[in-house]
Amino acid sequence: MRLPVSFFQRPTLEVAPDLLGATLFVENEGRKCSGRIVEVEAYLGPDDPASHAAGGPTPRSRIMFGPPGRAYVYFIYGMHHCLNFVTEKEGRAGAVLIRALEPLDGREIMRKRRGGVPDGRLCDGPGKLCQALGIGREWNGMPLDGTGALRLYLEKTAEKVHFERTPRIGISKAAARPYRFIRTP
DNA sequence: TGGATGATCGCA
DNA sequence: GCGATCATCCAG
């Protein structure tokens with residue numbers, strides 16, 4: 001079942017765990033790739049010091065304050081992109097960072113984009129999955145229901161999903177908050 | 001463990 | 001303008 005945009009119009013900390021187990025589909029360069037979401041992190045609004053939305057809207061973080069159910073893609077460390085899903089109702093900032101996928105369809109082209117790493121390393125990091133799926137800045141702002149100029153969408157899982165919560169990775173501010181969600185067996 | 005590599009943002 | 005910082009990745 002396709003996830004509607006309204007799925008994202010909720011508190012970020014509720015959306016994040018609900019995304020675990022969902023399948024992300026990306027149509028790019030005439031190819032369709034998909035992967036199961038297995039790790040995410042929540043980033044909140046101005047009250048979350050680790051969030052790009054801390055300190056109010058900026059040219060980069062503007063999308064986080066806009067309507068939910070869109071992609072927030074940013075460039076970091078001079079060489080990587082990260083994919084987020086915008087949450088909360090319009091005017092309130094929030095996003096979920098997609099940190100890892102289990103690759104499903106399109107592994108051939110993902111391997112090609114990733115330079116022939118083993119399948120287990122294709123999408124096991126936020127920068128890696130963007131490289132595998134061919135996601136760059138041009139995907140920023142794309143709706144998550146496949147209605148944009150570049151198509152991506154999600155399907156919900158029917159399975160019961162187990163997960164654990166841990167602190168977020170690679171941040172220095174608000175590092176103690178348990179806003180990371182990992183799918184467990 | 002540190003280097004690559006460039007956009008971003010606060011402060012001057 | 002300037003520079004510290006950065007939601008990363010990979011080689012060694």
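Note: hydrogens, waters and symmetry copies are ignored here, and every other heavy atom, side chains too, is used. What you see is a predicted model; the values in this text were computed from it and never measured. Proteins come first, then strands; the chains are lettered A, B, ... in the order of their sequence lines, and each starts at number 1.
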For this session: Searching all strands shown, indicate the nucleotide that pairs with C:dA7 (Watson-Crick or G-U wobble; both distances under 3.5 Å).
Result: none
For this session: For the residue pair A:Glu41 and A:Tyr43, confirm or rule out a side-chain donor-acceptor distance under 3.5 Å.
Result: yes
For this session: Quick one: label A:Arg137 by what it contacts on the DNA or RNA (base, sugar-phosphate, nothing), any heavy atom closer than 4.0 Å.
Result: sugar-phosphate
Exercise. For the side chain of A:Leu97, counting heavy atoms from C-beta on, which of C:dT8, C:dC10, C:dA7 is nearest?
Worked result: C:dA7
Problem set entry | OP1 or OP2 of C:dA7 under 4.0 Å from side-chain N/O of A:Lys173 | no
Exercise. So what does A:Arg121 hit on the nucleic acid, given a heavy-atom distance under 4.0 Å: a base, only sugar-phosphate, or nothing?
Worked result: nothing
Problem set entry | Between C:dC9 (P) and A:Arg114 (CZ): distance, integer Å | 8 Å
For this session: May I ask you to say what A:Gly78 touches in the nucleic acid, namely base, sugar-phosphate or nothing, with a heavy-atom cut-off under 4.0 Å?
Result: base
Exercise. Checking all strands, does A:Arg60 fall into the base, sugar-phosphate, or nothing category for heavy-atom contacts under 4.0 angstrom?
Worked result: sugar-phosphate
For this session: Would you mind telling me which of A:Arg183, A:Arg10, A:Lys156 makes a salt bridge (Lys or Arg N to Asp or Glu O under 4.0 Å) with A:Asp18?
Result: A:Arg10
For this session: Scan every strand shown for a Watson-Crick or G-U wobble partner of B:dT5, both distances under 3.5 Å, and answer none if you come up empty.
Result: none
Exercise. Which of these nucleotides, B:dG6, C:dA7, C:dC6, is closest to any side-chain atom of A:Phe75?
Worked result: B:dG6
Exercise. Can you check side chain to side chain contact (heavy atoms under 4.5 Å, CB included) on A:Leu122 and A:Arg113, steps first, answer last?
Worked result: CA-CA 9 Å; A:Leu122 241 30; A:Arg113 293 187 180 122; over 6 Å; no
For this session: Round to a whole Å and report the spacing from CZ of A:Arg177 to P of C:dA7.
Result: 14 Å
Exercise. Atom NZ of A:Lys128 and atom P of C:dA7: how far apart are they, to the nearest Å?
Worked result: 18 Å
Problem set entry | Any donor-acceptor N or O pair under 3.5 Å, side chains A:Arg114, A:Gln131 | yes
Seminar exercise, completed: Considering only heavy side-chain atoms of A:Tyr77, the closest of B:dC9, C:dC10, C:dC6 is C:dC6
Exercise. What is the distance from CD1 of A:Ile169 to P of C:dC6, rounded to the nearest Å?
Worked result: 15 Å
Problem set entry | Verdict with supporting geometry, A:Tyr74 and A:His81, ring pair (Phe, Tyr, Trp, His ring centres under 6.0 Å) | CA-CA 6 Å; A:Tyr74 62 86; A:His81 295 273; 8.7 Å; no
For this session: Among B:dC9, B:dA7, C:dC10, find the nucleotide with the atom closest to the side chain of A:Thr58.
Result: B:dC9
For this session: Among C:dA7, C:dC9, B:dT5, find the nucleotide with the atom closest to the side chain of A:Met79.
Result: B:dT5
Problem set entry | For atom CZ of A:Arg62 and atom C1' of B:dT8, their distance in whole Å | 14 Å
Problem set entry | Interatomic distance, A:Gln131 CD vs C:dC9 P [rounded to whole Å] | 10 Å
Exercise. Would one find a side-chain N or O of A:His52 under 4.0 angstrom from OP1 or OP2 of C:dA7?
Worked result: yes
Exercise. When the distance from CD1 of A:Ile63 to P of C:dA7 is rounded to whole Å, what number comes out?
Worked result: 19 Å
Exercise. Between A:Arg70 and A:Tyr72, is NZ or CZ placed under 6.0 angstrom from the six-membered ring centre and within 45° of the ring axis?
Worked result: no
Exercise. So, is A:Ser51 close to the C:dA7 phosphate, meaning a side-chain N or O under 4.0 Å from OP1 or OP2?
Worked result: no
For this session: Let me know the distance between CZ of A:Arg168 and P of C:dT8, rounded to the nearest Å.
Result: 11 Å
